Amino acid sequence: MKTVLSSSTEPCTTVIDGRAVADELLASIRNRVEQESLKPGLAVILVGSDPASSVYVRNKGRSAEACGFLSRQYDLPETASESELLQLIERLNADAEIHGILVQLPLPRQIDQHRVIQAIDPAKDVDGFHYLNVGLLAAGNRDTSLVPCTPLGCLHLIRQQLGDSLSGKHAVVIGRSNIVGKPMANLLLQADCTVSMLHSRSRDPEQLCRQADIVVAAVGIPGLVNSNWIKPGAVVIDVGINRVDQPDGRSRLVGDVDYDDVYPLASAITPVPGGVGPMTIAMLMKNTLDSALRFNNKG
Ligand code: GUN
């Protein structure tokens, strides 16, 4: 016998359209640029020719142009020395037309990533990776800091779902990277959430995660978070971008969340692709605009 489900049993989950939210943000950034007669300048440095990095860098440049920014891309060979890169950063630090500097990671082995990031003027560090910006965020001072783009994008999506007050919500961040997990936890803490961080050594992560009103998954393990990890009604933000091989020999992108399994339980969920990804670039533009406003005493 065929069972017919009534419409009341259908999940009423919101699939968060990160592309649409990002496009709105980009339009508002472009408007602000026109209003202020400002020319924010973004310099993106690519060392080597990793195909994925090349695509990311090209997209950042295109977005910058679409926002009315000055966009410059610097391509250094795979064999570039650390001192070559440091000299370029020094030049850009002193360049009045440039308000944001981004060095695409990862870097080739001969270059010390930490030394390079710390060489960027913290006021132009639109990635928010310089220790001064890391410290300002950890200390709860966002007035003069620049915050990493992906966590900023995630917070924007969470607020859109839950409203401006996240006070008292239990947020679980899965993954403790410097780029996503740690700054995400700090942002949520500042928003008055109760924050738990889960990582590879956490005991019984499913049970901990099942208590969360907000779940941000950023570990790089395809499909790790399934329905056993999720409390009904949770907002689920998937930062993972994992390329997995399929039986037909092709590959596809999947997140850290088992989307089909979690979808019926969540109140809102980001897809991969099309969820967090576009927000990262939009927030990079926002950071560059904020930096240009501060340099022009309008911030
Ligand atoms: N490589 C992957 N993600 C990022 C990012 O957010 N910033 C930089 N600079 N490189 C990356």
Side-chain angles (χ1 to χ4, degrees), residues 18 22 25 41-64 69 71-76 78 80 82 85-86 88-89 92-93 98-109 111-134 137 145-157 173 175-184 186-187 216-220 237-243 253 255-256 270 272-273 275-288 290-291:
L25 258 167
L42 175 63
V44 179
I45 304 171
L46 176 65
V47 186
S49 52
D50 174 73
S53 291
S54 303
V55 171
Y56 289 137
V57 165
R58 197 165 53 238
N59 288 341
K60 287 167 186 175
R62 282 188 185 146
S63 269
F69 294 2
S71 169
R72 289 206 217 132
Q73 181 177 331
Y74 294 86
D75 293 315
L76 270 56
E78 183 76 32
E82 186 176 299
L85 179 53
L86 290 173
L88 172 57
I89 290 171
L92 294 169
N93 282 344
I98 294 298
H99 308 98
I101 302 169
L102 181 145
V103 180
Q104 186 65 27
L105 304 176
L107 289 167
R109 245 187 260 157
I111 299 178
D112 181 338
Q113 176 179 311
H114 297 285
R115 205 172 297 150
V116 166
I117 291 169
Q118 302 318 310
I120 297 172
D121 175 352
K124 297 188 179 185
D125 166 38
V126 281
D127 258 330
F129 296 164
H130 191 285
Y131 291 147
L132 183 75
N133 286 316
V134 174
L137 173 62
S145 72
L146 286 161
V147 177
C149 306
T150 301
L152 266 187
C154 293
L155 184 66
H156 188 90
L157 295 178
V173 178
R176 54 178 159 176
S177 70
N178 290 333
I179 294 183
V180 184
K182 287 176 192 160
M184 187 75 248
N186 275 324
L187 282 175
V216 181
V219 268
I237 306 292
D238 191 352
V239 181
I241 303 179
N242 311 291
R243 189 164 284 284
L253 290 180
D256 293 344
T270 56
V272 176
V276 172
M279 292 299 292
T280 297
I281 291 195
M283 288 302 173
L284 175 65
M285 301 306 132
K286 172 84 169 59
N287 276 351
T288 307
D290 287 349
S291 171

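Values in this document were obtained by computation on a predicted structure and should not be read as measured data. Ligands are counted one by one from 1 in listed order, and the atoms in each one are counted from 1 as well.
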Check ligand 1 against the protein and report each N/O to N/O distance under 3.5 Å, formatted as atom name, atom name, distance.
{"residue": "ligand 1", "atom": "1 (N)", "partner": "Gln104", "partner atom": "NE2", "Å": "3.2"}
{"residue": "ligand 1", "atom": "1 (N)", "partner": "Leu105", "partner atom": "O", "Å": "2.9"}
{"residue": "ligand 1", "atom": "7 (N)", "partner": "Asp127", "partner atom": "OD1", "Å": "3.1"}
{"residue": "ligand 1", "atom": "7 (N)", "partner": "Asp127", "partner atom": "OD2", "Å": "3.3"}
{"residue": "ligand 1", "atom": "9 (N)", "partner": "Val103", "partner atom": "O", "Å": "2.8"}
{"residue": "ligand 1", "atom": "9 (N)", "partner": "Asp127", "partner atom": "OD2", "Å": "2.6"}
{"residue": "ligand 1", "atom": "10 (N)", "partner": "Leu105", "partner atom": "N", "Å": "3.0"}

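- Glu82 contributes no side-chain N or O that, together with a main-chain N or O of Val116, makes up a donor-acceptor pair within less than 3.5 Å.
- For the salt bridge (Lys or Arg N to Asp or Glu O under 4.0 Å) test, residues two or more places apart in sequence or in another chain that qualify with Asp112 are Arg115.
- Counting only heavy atoms from C-beta outward, the side chains of His156 and Leu25 approach each other to under 4.5 Å.
- The heavy-atom pair separating Leu137 from Pro148 by the smallest distance is CD2-CD, 4.5 Å.
- Applying the salt bridge (Lys or Arg N to Asp or Glu O under 4.0 Å) rule to Arg72 yields the partners Asp95, Glu97; only residues at least two apart in sequence or on another chain are considered.
- Under the rule for a salt bridge (Lys or Arg N to Asp or Glu O under 4.0 Å), the partners of Lys286 that lie at least two apart in sequence or sit in another chain are Asp290.
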